[in-house]
Amino acid sequence: ENDFNKNTPTPYDDAFRTMMNDCVKLLIPVINEVFGKNYSGNETIVFRPNEHFINQQDGKEQKRITDSSFSIISDNSEDKFILECQSTDDDTLLIRIFEYITQEALDSGTITKYQLTVTIPHAAVLFLRSKKSTPNSMNIVINTPGGSVSFDVPVIKVQSYSLQQIFDKNLLFLLPFYIFNLEKNFPQYEASEEALENLKKVYIDFMNRLEKEVTEGHISAYYRRTILDMSKKVLENIAAKYHNIQKEVKEIMGGRVLDYEGRNIFYEGIERGRREANLDTARRLRDAGMDDSQIHKFTNLSLEDLRMM
């Protein structure tokens, strides 16, 4: 029996999901880059359940967990996305993506007496490591009695972006994973003081650019802190065998993770802000003609809250 479940989540998956949750606005430029969209950044992002249960031939259910499932809602449209983070390629990737997107399509489909209508969400893969053979996109072909349907699953490769390009394109979401670009040089950095100095210069540049983003008001101090915390988390794992690299890069990035009290205060504010944002989203969706049961699924607001609006 084949097991198409993704392997146990890695620290890289954890960093990816933390960036998704804590730095959600940084996701928009990534979506623009990989899908050729032109979102302004003022759209509403609504996260959807990332767990699905697939019915097997023996009647049992298997749970599938995608790295992210979300909608981007503007005044006139709603687009659904699934974004997977992969540190290495594997043979079951496209199968998992197909299962994710078809289950998501079913979950949000509409049915009349004799017609089922489903919409396949956009899907893409973020590869932290890539090779010359790694494609720029993958393809899914569905042969049906009514004809064939095919669509691409685009690929974004962290290692194809320089630090300059990441900042120029506003792809700050990728910063915690930039260290993957330097992984092949780890033995030299660890063994040679001169090579290690070159690495330090890269991360001094990293820090200066990131600080400029804060001082110019492009990102908040909390986004900066999260990027650095997740960069350290990734570093600790990818460079686990390289003491000198960890020591020097961490020293440049400096500081400690937010203390729990400060983080809790921040999240209390986030929760209040999220409720206000959900209420605003609910009003916009209602104005667009969506009924309360659908709005409830998107915003997690109770039906009682919606009736009191």
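Not measured: the values here are computed from a predicted model. Just so it is clear, the values below take in all heavy atoms, side chains as well, and ignore hydrogens, waters and symmetry mates.
- Residues Asp22 and Tyr222 have side chains that bring a donor and an acceptor to within less than 3.5 angstrom of each other.
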- request: Mind running side-chain hydrogen bond (donor to acceptor under 3.5 Å, both in side chains) on Thr117 and Gln115 for me, showing each step along the way?
  value: CA-CA 6 Å; Thr117 302; Gln115 179 174 295; 3.2 Å; yes

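- Hydrophobic cluster membership of Ile111, counting Ile, Leu, Val, Met, Phe, Trp and Tyr whose side-chain heavy atoms lie under 4.5 Å apart directly or via other members: Leu106, Leu116, Val118.
- Counting heavy atoms from C-beta outward, Leu182 and Tyr203 have side chains that approach closer than 4.5 Å.
- The shortest non-hydrogen separation linking Tyr12 to Ser87 is CD1-CB, 3.9 Å.
- More than 12 heavy-atom neighbours from other residues, nucleotides or ligands sit within 6.0 angstrom of CD on Glu216.
- Side chains of Asn136 and Lys157: a donor on one and an acceptor on the other come within 3.5 Å.
- With no hydrogens or angles considered, no side-chain donor-acceptor pair links Tyr189 and Glu194 at under 3.5 Å.
- Thr88 is not listed as a side-chain neighbour of Phe127, based on a closest heavy-atom distance of 4.5 Å or more.
- Salt bridge absent: Arg17 and Asp13 never bring a charged side-chain N and a carboxylate O closer than 4.0 Å.
- Ion pair Glu236/Lys233 not flagged as a salt bridge, since none of the NZ, NE, NH1 or NH2 atoms sits closer than 4.0 Å to an Asp/Glu carboxylate oxygen.
- The closest side-chain donor-acceptor pair between Ser40 and Glu43 falls under 3.5 angstrom.
- Defined by atom type and a distance below 3.5 Å, a donor-acceptor pair is present between the side-chain atoms of Tyr39 and Asp79.
- Classified by interplanar angle (parallel below 30°, tilted 30° to 60°, perpendicular above 60°), the ring pair Phe81/His122 is parallel.
- The two residues Ile227 and Met19 have their closest heavy-atom pair at CG1-CE, 3.9 Å.
- Taking 4.0 Å as the cut-off between side-chain N and carboxylate O, Arg224 and Glu211 count as a salt-bridged pair.
- In the model, Asp305 has a side-chain atom that pairs as donor or acceptor with a side-chain atom of Ser302 under 3.5 Å.
- In terms of heavy-atom proximity, Gln165 sits nearest to Ser160 at OE1-O, 3.4 Å.
- In summary, Glu99 and Arg96 do not engage in a salt bridge, as defined by a charged side-chain N under 4.0 Å from a carboxylate O.
- Side-chain polar atoms of Gln164 and Arg209 form a donor-acceptor pair below 3.5 angstrom.
- Within the 4.5 Å cutoff, the side chain of Met138 has heavy atoms near those of the Leu93 side chain.
- No side-chain donor-acceptor contact under 3.5 Å links Thr119 and Lys80.
- Just one of Val46, Val24, Ile31 meets the side chain to side chain contact (heavy atoms under 4.5 Å, CB included) condition when paired with Phe70; it is Ile31.
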